[in-house]
Novice: 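Dumping the structure here so I can ask a few things about it.
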Number of protein chains: 2
Amino acid sequence: MSHLRVVADNTATASAPKSDPESASVVDDSLPLNEILQGDCVDLMNSLPEGSVDLIFADPPYNLQLGGDLSRPDNSVVDGVTESWDQYDSMDAYDLFTHDWLQAARRLLKPDGAIWVMGSYHNIFRVGTVLQDQKFWIQNDIIWRKTNPMPNFRGTRFTNAHETLIWATKSEDARPTFHYDAMKMMNDGVQMRSDWTLPICTGHERLKTEGGGKAHPTQKPESLLHRVILSTSNPGDVILDPFFGTGTTGAVAKKLGRHFIGLEREADYIAHARKRIAKVRPAGTEAIKITRSKRSEPRVPFATLVERGLIDIGTKLFSAKGNLTAKVRADGSLACDDGFEGSIHKVGAHLTDAPSCNGWTFWHTMNKDGLTPIDAIRTQIRAEMAQA
Amino acid sequence: MSHLRVVADNTATASAPKSDPESASVVDDSLPLNEILQGDCVDLMNSLPEGSVDLIFADPPYNLQLGGDLSRPDNSVVDGVTESWDQYDSMDAYDLFTHDWLQAARRLLKPDGAIWVMGSYHNIFRVGTVLQDQKFWIQNDIIWRKTNPMPNFRGTRFTNAHETLIWATKSEDARPTFHYDAMKMMNDGVQMRSDWTLPICTGHERLKTEGGGKAHPTQKPESLLHRVILSTSNPGDVILDPFFGTGTTGAVAKKLGRHFIGLEREADYIAHARKRIAKVRPAGTEAIKITRSKRSEPRVPFATLVERGLIDIGTKLFSAKGNLTAKVRADGSLACDDGFEGSIHKVGAHLTDAPSCNGWTFWHTMNKDGLTPIDAIRTQIRAEMAQA
DNA sequence: ACTCTACCTGAATCAGGCA
DNA sequence: TTGCCTGATTCAGGTAGAG
């Protein structure tokens with residue numbers, strides 16, 4: 001192949017399930033799995049074999065067209081997106097760019113593959129139009145509601161508090177992977193809606209430069225990718241990200257036992273992504289199994305704690321006396337040693353042979369201080385949910 | 001005028017404020033105010049005077065079954081990017097339709113007028129693209145989060161739980177009406193966000209046919225229009241709805257003391273709308289008043305305070321912490337110890353080494369009770385001016 | 001080991017009037 | 001059109017350091 005393999009990170013390959021018997025996906029051996037390729041994403045995509053990718057996640061430049069500096073009421077200056085990769089001469093130039101990369105993406109996808117593209121009002125209407133013009137079939141538009149967006153400092157508009165994702169297939173007839181029951185489980189027993197409330201990427205998750213600044217101006221939260229990948233791909237699938245940046249897609253794909261292919265132009269971003277992904281520990285094959293049958297309901301979604309990383313996938317939970325245990329799975333369900341699986345409540349009831357059980361008070365996490373009920377963690381999130 | 005005046009409902013006219021002195025809008029006497037015109041919306045819009053409308057709210061059809069009399073789209077819809085774009089078929093008709101009615105709408109709008117268009121993923125990307133191609137400038141995209149959406153019965157997708165609205169002006173330079181403070185008030189003291197959580201239209205609000213069925217398949221909730229109209233129009237403004245349906249826009253406009261013009265093809269819908277709007281009681285002029293911005297308050301130069309003796313010449317002013325000081329001079333300028341002199345703003349900026357400073361909130365007078373911001377004294381004067 | 005506070009920051013198309 | 005001046009304007013959450 002003509003492209004340069006900058007990174008060869010095969011740790012995910014080792015632990016990824018070969019194939020899920022219920023959703024076996026054929027992986028092309030010639031693919032540069034779990035690598036980051038440096039270069040123009042259209043060229044790189046065209047160098048890869050046709051119909052070889054299960055899922056594409058793309059966070060393309062938004063073409064923000066920002067004016068001069070923007071300062072906060074306290075006179076501090078907002079660090080805007082001024083990178084050259086977000087600059088286009090005209091809307092036509094942006095449309096052409098969009099057309100080209102989407103066409104290359106379309107070629108790569110398997111017939112029942114799917115693509116996610118995200119954006120803001122600056123670009124998402126262009127993207128959606130090009131997708132439809134290229135005969136992609138929109139399955140949903142998804143709203144990422146940010147719990148903590150940047151305010152509108154001048155009081156001139158509504159707070160721009162969301163971004164939009166489009167989930168589409170290559171055709172109307174395509175039958176994309178969609179884990180309906182897993183999503184329902186994650187959403188407290190009711191259907192997952194088209195609006196997702198998640199915080200932006202801050203704190204330790206946000207990659208920093210040596211100088212302490214942002215490594216990437218638009219790093220996406222892993223919780224967002226968690227939901228995308230869990231809902232519309234299977235373990236062992238190949239997920240391609242043509243605008244890889246600092247590798248959120250790769251990190252979550254590795255964690256969830258999927259293969260990734262990252263395309264990125266900037267060497268700096270690639271270096272950050274490489275280090276980041278190397279640190280990721282894949283969840284075990286049991287942990288990433290998800291609910292395939294209908295389950296009943298916890299009152300507040302335990303999955304939120306998992307999705308937001310407050311409880312890691314695979315974490316062992318304990319009963320108050322510590323004698324009963326279960327492991328946390330990716331969709332917020334639990335699995336215990338005898339093979340029983342279900343919600344935190346169901347599993348608690350099963351192990352105690354009781355008709356019902358409040359999983360929130362039954363289950364505990366173990367740390368150096370001893371056992372902590374998971375309800376304590378829920379309390380944290382509740383404050384956010386109440387406002388959101 | 002050549003159009004047919006089907007409905008003459010002038011009850012709103014009587015109670016609508018003549019004009020708000022602080023935001024007087026010029027109303028064209030020849031406009032068919034508070035009426036519903038029957039016919040094709042493009043023809044009707046073209047029969048109305050140019051630049052006569054303050055706000056347009058449009059909920060266009062999502063799936064058009066247009067007749068075969070449409071020509072191929074002209075290249076103005078999608079500015080010719082490349083030849084490879086020519087893959088349109090059925091979408092062409094919808095794009096052309098969108099182009100035509102938006103062009104007519106654009107002509108009707110005053111220079112600082114604004115337009116709202118709502119839709120779902122089936123059509124909103126087409127609408128947004130045409131808006132941008134016609135040089136409309138998007139202010140926000142707004143997400144209507146439905147509290148009670150229709151579930152996805154087959155379990156094949158995420159519950160489609162939202163619709164999208166685009167708020168746009170005719171140009172980047174336009175300065176649309178936006179009642180920031182009113183929105184902030186409505187949202188419990190924090191900025192109104194771009195996602196609005198509101199229930200769909202059900203119960204008594206939903207208009208029924210004599211047979212008991214829905215009078216209109218996509219009747220919008222009045223709460224949605226309430227927020228749109230309150231945020232981006234003034235009492236007495238002219239609001240046009242080119243897809244009037246059963247008249248939600250008219251009903252809320254009348255309630256809030258705005259004028260409406262409704263365009264609708266179907267006589268049935270017009271009949272429902274007429275009965276509905278006739279029942280609406282306009283809120284009183286006091287009731288429709290909203291929290292006003294400081295920007296709209298009359299300007300009071302600092303020198304006025306000195307002139308009126310509310311602050312003596314030579315008074316020492318202090319920063320909030322009391323560590324920075326300056327003395328008031330006869331012309332309302334300040335002088336500080338290092339010899340720098342200028343306006344309250346300039347001196348504040350100088351002493352804090354900031355690019356700018358709001359002197360009204362920066363400077364304080366000292367009395368026995370402590371420090372009082374000079375803005376409090378300005379408030380007194382404004383109250384006096386309001387009475388005079 | 002706590003609590004409390006001060007400070008920092010995030011995909012942003014972010015002012016208006018007058019000379 | 002440009003330049004200058006007035007003066008209006010922020011929310012959630014994480015981090016660091018003080019007490």
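Every chain is numbered from 1 and lettered A, B, ... according to where its sequence line falls, protein lines coming before strand lines.
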Novice: Are B:Trp167 and A:Phe158 an aromatic pair by the rule of ring centers under 6.0 Å?
Specialist: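 Distance test on ring centres: under 6.0 Å, yes.
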
Novice: Specify the residue among A:Lys214 and B:Lys321 whose closest nucleotide of DNA chain C lies further upstream toward the 5′ end.
Specialist: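 Looking at DNA chain C, the more 5' nearest nucleotide goes with B:Lys321.
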
Novice: Pick base, sugar-phosphate or nothing for A:Gly68, based on heavy-atom distances below 4.0 Å to the nucleic acid.
Specialist: base

Novice: Taking the nucleotide of DNA chain C with the nearest heavy atom to each, does A:Gly155 or A:Gln219 sit closer to the 5' end?
Specialist: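 Result of the comparison: A:Gln219.
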
Novice: When the distance from CZ of B:Arg175 to P of C:dC14 is rounded to whole Å, what number comes out?
Specialist: 8 Å

Novice: Could you tell me which nucleotide pairs with D:dG7 by Watson-Crick or G-U wobble geometry, both distances under 3.5 Å, or answer none if nothing does?
Specialist: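 When the pairing criteria are applied, nothing turns out to pair with D:dG7, so the answer is none.
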
Novice: Consider only side-chain N and O atoms of A:Arg276 and A:Thr248, and report whether a donor and an acceptor are under 3.5 Å apart.
Specialist: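 A:Thr248 and A:Arg276 do have a side-chain donor-acceptor pair below 3.5 Å.
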
Novice: Counting the atoms with a prime plus P, OP1 and OP2 as sugar-phosphate, which does A:Asn63 contact under 4.0 Å by heavy atoms, base, sugar-phosphate, or nothing?
Specialist: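 Here A:Asn63 touches no strand at all.
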
Novice: Do A:Thr246 and A:His272 pair up side chain to side chain, a donor and an acceptor below 3.5 Å, judged on atom types alone?
Specialist: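 Per modelled atom types, A:Thr246 and A:His272 side chains form no pair under 3.5 Å.
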
Novice: Are A:Tyr269 and A:His216 an aromatic pair, judged by ring center distance below 6.0 Å?
Specialist: yes

Novice: For D:dG7, does either OP1 or OP2 sit under 4.0 Å from a side-chain N or O belonging to B:Arg299?
Specialist: yes

Novice: Specify the separation, in whole Å, of atom CG of B:Asn358 and atom C1' of C:dG16.
Specialist: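 Going from CG in B:Asn358 over to C1' in C:dG16 covers 14 Å.
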
Novice: Nearest to the A:Thr156 side chain among D:dG7, C:dA11, C:dC14, which nucleotide is it?
Specialist: C:dC14

Novice: Does C:dT13 have a Watson-Crick or wobble mate here (both distances under 3.5 Å), and if so which one?
Specialist: none

Novice: Heavy atoms under 4.0 Å, any strand shown: does B:Cys357 hit a base, just sugar-phosphate, or nothing?
Specialist: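 B:Cys357: base contact, heavy atoms under 4.0 Å.
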
Novice: In the structure shown, which nucleotide is the Watson-Crick or G-U wobble counterpart of C:dC7, with both distances under 3.5 Å?
Specialist: D:dG14

Novice: Among A:Trp85, A:Phe57, A:Trp101, A:Tyr62, exactly one meets ring pair (Phe, Tyr, Trp, His ring centres under 6.0 Å) together with A:Phe243. Which residue is that?
Specialist: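 So the option named by the test is A:Trp101.
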
Novice: How many Å lie between CG on A:Leu64 and C1' on C:dG10, as a whole number?
Specialist: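 The answer, rounded to whole Å, is 13 Å.
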
Novice: A:His204 NE2 to D:dG14 P: how many Å, rounded?
Specialist: 10 Å

Novice: With a non-hydrogen cut-off below 4.0 angstrom, is A:Thr202 in contact with a base, only sugar-phosphate, or nothing?
Specialist: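 Sugar-phosphate: the residue A:Thr202, judged by heavy atoms under 4.0 Å, touches backbone atoms but no base.
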
Novice: Rounding to an integer number of angstrom, what distance separates C:dA12 and D:dT6 when you compare their P atoms?
Specialist: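 Rounded to whole Å, the distance is 31 Å.
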
Novice: Suppose you measure atom P in D:dA8 against the same atom in C:dC18; what distance do you get, rounded to whole Å?
Specialist: 15 Å

Novice: From C-beta outward on A:Ile200, which listed nucleotide comes closest to its side chain: C:dT13, D:dT6, C:dG10?
Specialist: C:dG10

Novice: Would you tell me if any nitrogen or oxygen in the side chain of A:Lys146 comes within less than 4.0 Å of OP1 or OP2 on C:dG10?
Specialist: no

Novice: Is any side-chain N or O of A:Arg72 under 3.5 Å from a base N or O of C:dG10, one able to act as donor and the other as acceptor?
Specialist: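 Pair found.
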
Novice: Specify the separation, in whole Å, of atom CZ of A:Arg154 and atom P of D:dG7.
Specialist: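 From A:Arg154 CZ to D:dG7 P: 16 Å.
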
Novice: Is B:Trp137 stacked on the base of C:dT13, with ring centres under 5.5 Å apart and planes under 30° apart?
Specialist: yes

Novice: Rounded off to whole Å, could you give me the CZ-to-C1' distance for the A:Phe153 and C:dC8 pair?
Specialist: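 Answer to the nearest Å: 11 Å.
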
Novice: Strictly below 4.0 Å: does A:Arg206 bring a side-chain N or O up to OP1 or OP2 of C:dA11?
Specialist: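 Looking at the OP1 and OP2 atoms of C:dA11, one of them is under 4.0 Å from a side-chain N or O of A:Arg206.
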
Novice: Considering only the P atoms, how many Å lie between C:dA19 and D:dG7, rounded to the nearest integer?
Specialist: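 15 Å, rounded to whole Å.
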
Novice: Consider the side chain of B:Ile138, meaning its heavy atoms from C-beta on, and name the nucleotide among D:dT9, C:dC14, C:dT13 that approaches it most closely.
Specialist: C:dT13

Novice: Any non-hydrogen side-chain atom of A:Phe97 less than 4.5 Å from a side-chain atom of A:Asn63?
Specialist: no

Novice: Has the side chain of A:Arg157 got a donor or acceptor atom sitting under 3.5 Å from an opposite partner on the base of C:dT13?
Specialist: yes

Novice: With distance as the sole criterion, is a donor-acceptor pair present between the side chains of B:Ser333 and B:Arg329 under 3.5 Å?
Specialist: yes

Novice: C:dA11 base to A:Lys220 side chain: any donor-acceptor pair below 3.5 Å?
Specialist: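 In this structure, the two groups form a donor-acceptor pair.
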
Novice: I'd like the C1' distance from C:dG10 over to D:dT10, given in whole Å.
Specialist: 12 Å

Novice: Between A:Asn75 and A:Gly203, who's closer to the 5' end of DNA chain D by nearest nucleotide?
Specialist: A:Asn75

Novice: Once you apply a heavy-atom cut-off of 4.0 Å, does A:Asn160 come out as touching a base, just sugar-phosphate, or nothing?
Specialist: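 A:Asn160: backbone/sugar contact only, no base atoms under 4.0 Å.
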
Novice: Rounded to the Å, how far apart are B:Glu172 CD and C:dG16 C1'?
Specialist: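 Rounded to the whole Å, the gap is 16 Å.
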
Novice: With a non-hydrogen cut-off below 4.0 angstrom, is B:Arg378 in contact with a base, only sugar-phosphate, or nothing?
Specialist: sugar-phosphate

Novice: Side chain of A:Pro151 only, please: which of D:dT9, D:dG7, D:dT10 is the nearest?
Specialist: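 Comparing D:dT9, D:dG7, D:dT10 against the side chain of A:Pro151, the answer is D:dT10.
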
Novice: Among C:dA12, D:dT10, D:dG7, which nucleotide sits nearest the side chain of A:Tyr121?
Specialist: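 Of all the options, the side chain of A:Tyr121 is nearest to C:dA12.
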
Novice: Taking OP1 and OP2 of D:dT6, is either one under 4.0 Å from a side-chain nitrogen or oxygen of B:His345?
Specialist: no

Novice: Have a look at A:Pro60 and say if it touches a base, only the backbone sugar-phosphate, or nothing, with a 4.0 Å heavy-atom cut-off.
Specialist: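 Contact class for A:Pro60: base.
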
Novice: Check the chi torsion on C:dT13 and let me know: syn if it falls within 90° of 0, anti if not.
Specialist: syn

Novice: Answer yes or no: does a side-chain N or O of B:Tyr180 lie under 4.0 Å from OP1 or OP2 of D:dT10?
Specialist: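 Result: yes.
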
Novice: For a quick check under 3.5 Å, do A:Ser90 and A:Asp92 share a side-chain donor-acceptor pair by atom type?
Specialist: no

Novice: Which of the following nucleotides, C:dT13, D:dA12, C:dA11, is nearest to the side chain of A:His122?
Specialist: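 From the listed options, C:dT13 comes nearest.
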
Novice: Angle between ring planes, A:Trp196 versus A:Trp116, binned at 30° and 60°: parallel, tilted or perpendicular?
Specialist: tilted

Novice: B:Val190 side chain: which of C:dA11, D:dA12, D:dC5 is closest?
Specialist: D:dA12

Novice: With the side chain of A:Leu70 defined as its heavy atoms from C-beta on, choose the nearest nucleotide among C:dA11, C:dA12, D:dT9.
Specialist: C:dA12

Novice: Remember a base hit wins even if backbone is also touched, and classify A:Pro149 as base, sugar-phosphate or nothing at under 4.0 Å, heavy atoms.
Specialist: base

Novice: Nearest of D:dA8, C:dC14, D:dG13 to any side-chain atom of B:Ser356?
Specialist: D:dA8

Novice: Can you measure B:Lys184 atom NZ to D:dA12 atom P for me and round it to whole angstrom units?
Specialist: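 Result: 11 Å.
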
